[in-house]
Amino acid sequence: MNILILGGGGREHALAWAIRQNPKCDRLIVAPGNAGIAGVAECADLDVLSRADVLEFAQGNAVDFVVVGPEAPLAAGVSDALREAGFLVFGPSQAAAQLEASKTFTKEICDACGAPTAAWARFTDAAAAREDVTARGAPIVIKADGLAAGKGVTVAETIDQAHAAIDSIFDGEFGEMSVVIEDFMPGEEASFFILSDGTDCLPIGTAQDHKRVGMGDTGPNTGGMGAYSPAPVLTPALQDQVMDRIVRPTIAEMARRGTPFQGVLYAGLMISDGQARLVEYNVRFGDPECQALMMRLGGQALDLLLACAEGRLSQTGVTWADDHALTVVMAAQGYPGPYAKGTEIRGLKALPETSFQMTFHAGTAERDGTIIATGGRVLGCTGRGATLAEAHQRAYALIDAIDWPQGFCRRDIGWRAL
Ligand code: GLY
């Protein structure tokens, strides 16, 4: 098969690395890719948000299967354009991608299918939103009602923080015109990844990530500074509960509305007293959770994504090893605030690249034979082992072999489970 992956981050490097191992994969193209992805696939310079450009590229390159990595092309309807033209695609339609693109949409789906989630209200003007927060008290959760690259959520500990978050959303920080205000849910957060072909569902792994930039889960939110899989808090019994009360009802409600969900549903969950409630849905793999998941799934990932796209999930299963994987993100100093670009990263070529240790590139490029940092989150050093401690040791061994004075990482990824 000729396979095209859209995206150019650590998630897409991990997808490409896993898919490349499957003998069904002949030609692998990633658009736009990055310096690490160039080691396992061809990189193509393509505007992945342009339906016309992606379609023309797929037609011109005899592509058999398209895997859409990030949410933005999904929200832009790229998968619809490809499907209408007869391509096999992994990734939901624009209508189904509303599960990530609109907080209000997800809350309405939860209400319609009875999925447990926090009580909520939506406001289109700042004064009414501020009044609601004052009446409900803190802690309270303020969300921009749209795609905000993982940054549109504030867990406000005080009314003042909540008011500031509301003001920044209505001041246009995210280009948004509405906010969703939710009750704060205490507990432990975990992520659950489920493939759905529109009718059937197949869980493919659990993970926990570290969203805060600082040690001990402190400091500002980021896209994720590290992750590990599996998440011990999501026991098999709890996974069954989530499938029965949250995931299957959601998939059935989406189908009932005539907008079936086909792709990976990433359920962000809050666990408390043996009960799981939905925090949010994403309609793509988490980043860096995908890096840990792909290390565990390996080449079978392609078979699973194909079964999902072809509507064959009821006849498909996952082959699990009794293993653990852990990813540590190296970011440019200053991230998630302003950071320098173009600094040189040394030592990457000497690193092992095995099914136990992989360094996935997120924001890198090659310039005159050297690898330079081009983004905030730059590398995802991933270890896999029989225990989480072994995976942790292997991931940090990679980190310690990298020579990049302008980079940093958290040294405590996995602390909760370890
Ligand atoms: N790691 C969080 C996300 O991908 O949204």
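Counting convention: from 1, in listed order, for ligands and their atoms alike. Nothing here was measured: the structure is a model prediction, and the numbers come from that model. Heavy-atom basis, side chains included; hydrogens, waters and symmetry copies ignored.
- Between the side chain of Q208 and the backbone N or O of A417, no donor-acceptor pair lies under 3.5 Å.
- Between the side chain of E390 and the backbone N or O of L388, no donor-acceptor pair lies under 3.5 Å.
- Residues D303 and N22 bring a donor and an acceptor atom of their side chains to less than 3.5 Å of each other.
- Residue-level proximity to ligand 1 for R284 is carried by the side chain, the only part with a heavy atom below 4.0 angstrom.
- At least one heavy atom of Y266 sits closer than 4.0 Å to an atom of ligand 1.
- Salt bridge K107/D111: absent, no basic N to carboxylate O contact under 4.0 Å.
- Atom numbering of ligand 1 starts at 1 in the shown order; those under 4.0 Å from a heavy atom of G223 are 1 (N), 2 (C).
- Residue contact check: G286 has heavy atoms under 4.0 Å from atoms 4 (O) of ligand 1.
- Taking a cut-off of under 4.0 Å to the non-hydrogen atoms of E289, the atoms of ligand 1 that pass are 1 (N), 2 (C), 4 (O).
- With 3.5 Å as the limit, one finds a donor-acceptor pair spanning the side chains of D217 and W415.
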